[in-house]
Protein chains: 2
Amino acid sequence: MTDLKTQHLLTLAHILSKGGKHNFVNVTTTSLGKEIGKSQQSASLHLKELESGGFIERIQSGRKQSIKITHKGFVELSTLHNLLSKLISKSSNSLTFTGTITSGMGEGAYYMSMKGYTKQFKSKLGYVPYPGTLNVQIKEKKFSEAISQLSNYEGIKINPFSDGKRTFGWVKCFKSKINNKVDCELILLERTHHDTTIVEFISKHNIRKALKISEKSNVKVKISILDNFS
Amino acid sequence: MTDLKTQHLLTLAHILSKGGKHNFVNVTTTSLGKEIGKSQQSASLHLKELESGGFIERIQSGRKQSIKITHKGFVELSTLHNLLSKLISKSSNSLTFTGTITSGMGEGAYYMSMKGYTKQFKSKLGYVPYPGTLNVQIKEKKFSEAISQLSNYEGIKINPFSDGKRTFGWVKCFKSKINNKVDCELILLERTHHDTTIVEFISKHNIRKALKISEKSNVKVKISILDNFS
DNA sequence: ATTACTAGGCCACGAGTAA
DNA sequence: TTTACTCGTGGCCTAGTAA
């Protein structure tokens, strides 16, 4: 059983798009070549090889030809489709990393207690955060690199606001779980230099207390990422 | 913006299957090579090109490397997936052809009136066919070729039965519409030589009368095909 | 107009090997 | 062990052209 060459994939897909699942459709090698971004000669060769591989059937009368996808050919496309479906749906939407608790209030701690933010936290997260933030230092480069890409995602968006004198930037929250135990949110601040070796968390609870941990403890963090992009 | 080469598709899919959507995963070129059915050298080159194309990110420390798919890389796979989804779901599940009414009772006409069949027609099609069958002769080779592939599909299956003396084979029915007007079923008989230049139809109505047509009239037939295979 | 052959360039791949 | 270089082979592709 000959296998479908990856180079022929697009060609086969194009024939299907022409309606060639059950009916013979008229296709010229010139037009097919243009559509798949190759030459007429390549299209001709593709058809020849697809035919000998049993992926399409051809009827040629004189200089015209009609083409239809075979069952085998359709199954081949379906198989690839199913493979991708599984990969895409089953690929984990979480980011896991380890780090150590570090001191310092964190740049966001003060701002996160402002009314303009807490009101939104209450309605969008369902709670007003415990005062202060938990800071976790990331040591491994692969983790901080991965975290830096979080900014591509929307997360839960807390809108900017103004108190009349100045404005305060947006905050993105990402549902997280520390040590597989305490629910919290990782926060990304608009107005922060984007150093991702230290990340901040807010929570309904006093995280340190809930985890019974102290300075320099190692923690494992799992962040949920939804597929809406900014 | 560099484009994803089709040869790299499988490689990228494999990285995703390893969990590399958000996290950096450890992958050796040797193992990756085996998994994609290529050499270690090819895997190495694939990674290099995927990286320079912006589809993956790599962190290399000494002889080990960690890999993560970029947003762009994931979008690329998603795009292909969506393309296939549309093609597969929107590809027409019907076969259309033209032919001419022809005389002769048709091989199936007599058998189709037998109780063992009519009982099943009543329950599975919802009606007892008008006596006799309509025969349509197919002239164009591309149509008879397409019809010959109908046997790969289940259709509506009428089971074989026995009257004590002999057995009568199965019948497959395919919902059809003639001249965009009369509902009927194309029938494929187990015990018929598989000549697909003449096809038979049964219907609740007298098809000729309903269409007001006679011998040698041209008709256009549309057959619905469901995706269950025999 | 059409399909598809031949010739030649270029690229993908793997073997060998370095680091 | 690892990654990735160089180099030779084979296969994909296009131009030219026949039919």
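Sequence lines set the chain letters: A, B, ... in the order given, protein chains first and strands last, and positions in each chain run from 1.
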Undergrad: Measure CG/A:Leu9 against P/D:dC12 and give the value in whole Å, please.
TA: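 Going from CG in A:Leu9 over to P in D:dC12 covers 14 Å.
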Undergrad: A:His46 near the nucleic acid: base, sugar-phosphate alone, or nothing, with a heavy-atom cut-off under 4.0 Å?
TA: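 Result for A:His46 = sugar-phosphate.
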Undergrad: Which of residues 36-43 of chain B sit near DNA chain C, with a heavy atom under 4.0 Å from it?
TA: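 Contacting residues: B:Lys38, B:Ser39, B:Gln41, B:Ser42.
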Undergrad: Output, in order, the C-alpha distance, side-chain angles, deciding distance and verdict of salt bridge (Lys or Arg N to Asp or Glu O under 4.0 Å) for A:Lys18 and A:Glu35.
TA: CA-CA 11 Å; A:Lys18 295 269 185 185; A:Glu35 285 163 356; 2.9 Å; yes
Undergrad: Would you kindly give the CD-to-P distance between B:Gln65 and D:dT2, to the nearest whole Å?
TA: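 Distance check: B:Gln65 CD to D:dT2 P gives 11 Å.
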Undergrad: Apply salt bridge (Lys or Arg N to Asp or Glu O under 4.0 Å) to residues B:Lys175 and B:Glu185 and explain how you reach the verdict.
TA: CA-CA 5 Å; B:Lys175 284 226 156 296; B:Glu185 336 278 327; 3.2 Å; yes
Undergrad: Could you give the angle between the helix axes at the two ends of the helix from C:dT2-D:dA19 to C:dA19-D:dT2, with five pairs per end, rounded to 10 degrees?
TA: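 Helix axis angle between the two ends: 30°.
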Undergrad: For B:Lys181, is the NZ atom crowded, meaning more than 12 foreign heavy atoms sit under 6.0 Å from it?
TA: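 Result for NZ/B:Lys181: enclosed.
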Undergrad: Are A:Lys34 and A:Gln40 close enough that a side-chain donor and a side-chain acceptor fall under 3.5 Å?
TA: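 Short answer, no.
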Undergrad: What is the separation between atom CZ on B:Arg58 and atom C1' on D:dT3, rounded to the nearest whole Å?
TA: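 Rounded to whole Å, this separation is 8 Å.
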Undergrad: Measure from the side-chain N and O atoms of B:Ser91 to the backbone N and O of A:Leu16, and report whether any donor-acceptor pair falls under 3.5 Å.
TA: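 Checked: no pair found.
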Undergrad: Just how far, in rounded Å, is P of D:dC5 from CG of B:Leu47?
TA: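 So the CG-P distance, B:Leu47 to D:dC5, works out to 12 Å.
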Undergrad: With heavy atoms under 4.0 Å as the rule, sort B:Thr28 into base, sugar-phosphate or nothing.
TA: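 Touches sugar-phosphate only.
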Undergrad: For DNA chain C, which nucleotides open and close the run of contacts to chain B, 5' to 3', at under 4.0 angstrom from a non-hydrogen atom?
TA: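 In short, chain B contacts DNA chain C from C:dA12 to C:dG16.
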Undergrad: Hey, which sits more toward the 5' end of DNA chain D by its nearest nucleotide, A:Arg63 or A:Gln7?
TA: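 Looking at DNA chain D, the more 5' nearest nucleotide goes with A:Gln7.
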Undergrad: For B:Ser44 and D:dT3, is the shortest distance between a side-chain N/O and OP1 or OP2 below 4.0 Å?
TA: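 So the side-chain polar atoms of B:Ser44 never come under 4.0 Å of the phosphate oxygens OP1 or OP2 of D:dT3.
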Undergrad: Within a strict 4.5 Å, meaning less than it, do heavy atoms of the B:Thr96 and B:Lys220 side chains meet?
TA: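 Answer yes - side chains close enough.
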Undergrad: Just wondering, more than 12 heavy atoms not from A:Lys72 lying within 6.0 Å of its NZ?
TA: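 Yes, NZ of A:Lys72 has more than 12 neighbouring heavy atoms, counting only those of other groups under 6.0 Å.
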Undergrad: Could you check whether B:His22 and A:Tyr153 have their ring centres less than 6.0 Å apart?
TA: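 Yes - the distance between ring centres of A:Tyr153 and B:His22 falls below the 6.0 Å cut-off.
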Undergrad: A:Lys48 NZ to D:dG11 P: how many Å, rounded?
TA: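 Nearest whole value for this atom pair: 15 Å.
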Undergrad: Distance check needed: D:dA4 P versus B:Leu32 CG, whole Å only.
TA: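 Atom CG in B:Leu32 sits about 12 Å away from atom P in D:dA4.
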Undergrad: Does A:Glu190 reach the main-chain N or O of A:Trp170 with its side chain, forming a donor-acceptor pair under 3.5 Å?
TA: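 Here the side-chain-to-backbone pair exists.
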Undergrad: Is it true that B:His71 and A:Gln149 share a donor-acceptor pair across their side chains at a distance under 3.5 Å?
TA: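 Note: A:Gln149 and B:His71 side chains miss the donor-acceptor criterion.
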Undergrad: Begin from the C-alpha positions of B:Arg208 and B:Glu215 and carry the test salt bridge (Lys or Arg N to Asp or Glu O under 4.0 Å) through to its verdict.
TA: CA-CA 9 Å; B:Arg208 289 195 188 214; B:Glu215 202 67 12; 3.2 Å; yes
